[in-house]
Amino acid sequence: MEVLIVSLLNGLVYGMLLFMLASGLTLIFSMMGVLNFAHASIYMLGAYFAFEVSRWVGFIPALIIAPIACGAIGAAIEIFGLRRVHHNGHIAELLFTFGLVFIIQRGLQMIWGMLPMPYRVPAFLDFPLFVLYGANFPAYRGFMLLISAVMLLSIFLLLKKTRIGLIIQAALTHPQMVSALGHNVPVVFTTVFAGGCLLAGLAGVIGGNYLTTESSMADAMGPIVFVVVVFGGLGSLAGCFIASILMGMIQTFAVVFDVTLGDLLAPFGVNANWDNLLGEIFTVPMARIGPLLPYAMMILILLFRPRGLMGTRDT
Amino acid sequence: MPKIARLLAVAALTVMAYVLPAAAEDTIKIGLIDPLSGAFAQQGDANLKHFNYLFSRINAEGGPLGKKIEVVPVDDKLQPAEALIALQTIIDQNINFVMSCTGSNIGAALLDGVAKHNARNPDHRVLYLNCGALASDLTNDKCDFWHFRFDSNTGQRAETLVRGLPKDLKTVYILNQDYLFGQTLHRETKENLAKLRPDIKIVGEDMIPLGKVKDFTPYITKIQGSGAEALLTGNWGPDLNLMMKAGVDAGLKLQYYTYLSHVVGGPTSVGETGDKRLHTVVEFHPNVPAEQNSAAGEEFVATWRKDHDFDLFQMNNYMMLKMLTAAINKAGSTDPLKVALALEDSTAKDMMGHTYTMRKSDHQLLEPLYVAQFVKGARYDSEKTGLGWKTDAVVESADLNQPTTCKMKRPAS
């Protein structure tokens, strides 16, 4: 029981971090049709900026400055890069963002070096919030949950309850009409892209010291975020949210429960301890393949429900 | 292109064609295949910086046959397929020696690639100097004449670590990465525990996919639930850094016995919370010379620290270059076969007077190993953390002369 509760909390924290990252990506993806490979790189930039800012003026200013800087970079990428390659179709956009990944990583390595940054949890949040069955639940994790919940709420309100949200939604489906009504559609797109990057930067600020800030952090986060977006379904923030939490839980629980596929089949009278090629699949403990489960689930959902959990169109 | 420019280009090329080979004769090139980009780039970068330092020292001491040695780095992105392409690049430049310091999966691919190349091209052989692929298989069942391992293998490290465990330790948890190195280390850690410390109970174990886990909190929960007093792990790079961090955040009262936490980036990620909790098995660390009163060793460390902000620990690679230099001098040429024969059973001593031997039967280096812990107030700190390594135990090379299952096929000559 205690393992269950601790794992639920752990899964929730990790899932919310995934959601912060994935929500920006799914916004950009569903609104602009751009598969932004560089999204995790922006997340990494956010962490490095936050480290640098918090060194000079503290963590709270970093929490505001770093995401804004990431948003500004996002706007620059959209105006000077994506908008130009947009005419050449989706492949050109895809390749453009793919190239950005390498440029950002190399650039970071040239400026900050290859060593991990000593970006630590600020002292005022570095205490155990409560003790659960002998394990500390750090206050910083509670803070992460708070930030991500606030973010979730503000995106929802922004998109559904404000005029800007209405225009953004309209510009997605009927750009010509929105343009004819006197709105500047390219500016809307820039805003969306910058907003997505801002969210990624925010995830970087709070993820950078929760995990570690190093030049490989984008490689580590990139693939799983795409899994979340595909699994949750295009254009659906709700789907993205459910998928994030689900992935967080799956990875947590797979580690904690040491069972094999064979064990699961045992109650049905199947003895799966075969000594052949397939035997390995049924006898490998779940913990050993836990981190790969999200990818397996992505393949399943692509096969049986290509639009994702709550998606509105096919991927 | 204007005519003048074209003429100039031709002239420049002609001059280069004459000048380059002449310059090449004065240098002996040694290839280095390591991850210089991608997720594990910090590893390759640190190795290259070590080599730049060590090469300049060897050159200052007078290189082999009075020539200079020069390192030629090629990126493998920690992918075996890329490593084989890198090997071909190096062979195509007529380089006789190739080093690789990261990844046992890379090591296995290179060992095989070099063996095949040498069998097919007896006039154009290449010698593989392994400086960091540690899975003991490479000098056991998979052993090859053209492969020399200038670093202690997983078996030697596991024995050292188990011998260094405190006497009152009762329960341990073992966690490793699920690939050749991690699997071998996992098996050998358990074997050594059973043999040397039957009183210790293994309360849990796990294998994780290499470089795939972002959040180690669930593993920490599991370790905590198992009631282990110490965690034994061969994790390195992000897999180690993230795990230590998750454990520290959860306030886990645990001793970490690691094989590779001294490697670049480890001390930074652990920071102050590692005080008296983090232990490692290492070839050398910056505080060794002071502990053993070696002025020459102190100078070796102090010179490095002038322009590097991470630790100098690759004494084995310095000894590798020294032994290679001696072997080339003894052979009187850079012919890989002659150098290989000269390397066998050769010995050398480091500044502190410890002996290094290249064992002929399996081409495994016997070197001293240190069990060190991370403490505040060490003479030299690591990566500006304020904490540094302090030796708890030294195991001499003679005590690490473990048996090998190698049945080496030797060339006919």
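First the proteins, then the strands, lettered A, B, ... as listed; each starts at 1.
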| field | Winner by heavy-atom pair count (cut-off under 4.5 Å) against chain A, out of Pro218(B), Ala246(B), Gly225(B) | value | Pro218(B)
Side chain, backbone, both or neither of [X] within contact of chain B (heavy atoms, under 4.5 Å):
X	answer
Leu17(A)	neither
Pro128(A)	neither
Phe137(A)	neither
Ser215(A)	neither

Side chain to side chain, [X] and [Y], heavy atoms closer than 4.5 Å:
X	Y	result
Glu214(A)	Asn241(B)	yes
Lys245(B)	Leu211(A)	no
Thr268(B)	Tyr119(A)	no

Applying side chain to side chain donor-acceptor pair (under 3.5 Å), name anything that partners [X], two or more places apart in sequence or on another chain.
X	answer
Ser41(A)	none
Asn235(B)	Thr233(B)
Ser148(A)	none

| task | Check each atom of Leu175(B) against the heavy atoms of chain A and say whether the ones under 4.5 Å are side chain, backbone, both or neither. | result | neither
| query | Near Glu191(B) CD, under 6.0 Å, is it more than 12 heavy atoms from other residues, nucleotides or ligands? | reply | yes
| field | CZ/Phe98(A): more than 12 non-hydrogen atoms of other groups inside 6.0 Å | value | no
| query | Please walk me through it: do Gln251(A) and Val213(B) pass side-chain contact (heavy atoms from CB on, under 4.5 Å)? | reply | CA-CA 9 Å; Gln251(A) 295 204 17; Val213(B) 182; 5.8 Å; no
| Roughly how far apart are Asp215(B) CG and Leu18(A) CG, rounded to 0.5 Å? | 9.0 Å
| task | Find the distance between OH (Tyr210(A)) and OG1 (Thr217(B)) and round it off to the nearest 0.5 Å. | result | 3.5 Å
| field | Residue pair Asn10(A) / Thr221(B): nearest heavy atoms and the distance that separates them | value | ND2-OG1, 3.0 Å
| Counting a contact as any heavy-atom pair under 4.5 Å apart, which residues of residues 107-117 of chain A contact chain B? | Gln109(A), Met114(A), Leu115(A), Pro116(A), Met117(A)
